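For reference, the structure is listed below as structure tokens.
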Amino acid sequence: NHSCALRSNGRVSCWGTATFGELGLPTINQTSVPVEVPGLHNATSVTIGYYTTCATRKGAAPVCFGWNAFGQLGKGDKNNSQVPVAPSDPPAANRIAVGREHVCWRSNGSAWCAGYAANGQLANGGTTDQLKPVLTLFGSELLDLAAGQRHTCALLGDGTVRCAGRGLERQLGNGLSVNTVAIPVEVEGSNAAPDAGQADCATAADCADDGLACTVASCAPGLLPGD
């Protein structure tokens, strides 16, 4: 119900509904035109979820704002926020995935998640909601992550993809229909060898290339943009 855009000057503008503070504005009135989020500078990415917005920042901690009924903003309480706030942990992040009621951050090759956990979507082995980010079981060689409504997936350094959370509609990719998976499972076929002719990524420029002519699995954390 809302949209946000990262501007070339590192600012973020949002528009749409503002019921829970998801626009980062001092009002809950919706707006039909982009409005700059006050106080949010040096942003490098912006990600939106159900009624939640998060942004990574250059040289600063990531921030989130909006709906926080399950503690998904990671700030230690369940109060919504109309202003950008940093999570209690981790101290830095260059990837953020926002689900319906949970948020995950990639920090130093690992993933941390907070919020609703009934389906195991925090991937920490439990189903208890977390008001502060908790370390997931994806390991320490995580290259990227994504969140669905109530599940989370991660691309790991060995080329495999693992997922946790709600799997009733088989969205975890492991061939099973299960409501709750709190320990990440491997997506079938995700560890297949790269296509013939694909070489390992050797430089940061290779790993940052959208047209990736090499296998992303070889992008070590130190080669990923923002690391």
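For clarity, every value in this text was computed on a predicted model and none was experimentally measured. By convention here, the first residue in the shown sequence is residue 1.
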Check whether any side-chain heavy atom of [X] lies under 4.5 Å from a side-chain heavy atom of [Y], and answer yes or no.
X	Y	answer
Ile48	Glu22	no
Thr127	Thr180	yes
Thr31	Leu23	yes
Asn94	Thr44	no
Tyr51	Asn1	yes
Thr17	Gln30	yes
Gln82	Phe65	no
Ser81	Lys75	yes

>> Tell me every residue that passes ring-ring contact (aromatic ring centres under 6.0 Å, His included) with Tyr50, counting only those two or more places apart in sequence or in another chain.
In response: Trp67
> More than 12 non-hydrogen atoms from neighbouring residues, nucleotides or ligands closer than 6.0 Å to CD1 on Ile28, yes or no?
Replying inline: no
>> Please list all pairs meeting disulfide bond (SG atoms under 2.5 Å apart) that have one or both residues in residues 24-65, counting only residues at least two apart or in different chains.
In response: Cys54-Cys64
>> What verdict does the salt bridge (charged side-chain N to carboxylate O under 4.0 Å, His left out) test give for Arg106 and Asp144, after you've listed the backbone C-alpha separation in whole Å, the side-chain angles of each residue and the deciding distance to 0.1 Å?
In response: CA-CA 7 Å; Arg106 176 187 178 274; Asp144 206 353; over 6 Å; no
> Rounded to the nearest 0.5 Å, how far does CG of Asn80 lie from CG of Leu73?
Replying inline: 7.5 Å
>> Can you confirm whether the side chains of Asn108 and Ser110 place a donor and an acceptor under 3.5 Å from each other?
In response: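 Judged by distance alone, the side chains do not pair up.
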>> Checking side-chain polar atoms at under 3.5 Å, does His41 have a donor or acceptor matched by the opposite partner on Arg11?
In response: yes
>> Apply side-chain hydrogen bond (donor to acceptor under 3.5 Å, both in side chains) to residues Ser45 and Thr56 and explain how you reach the verdict.
In response: CA-CA 5 Å; Ser45 71; Thr56 57; 2.5 Å; yes
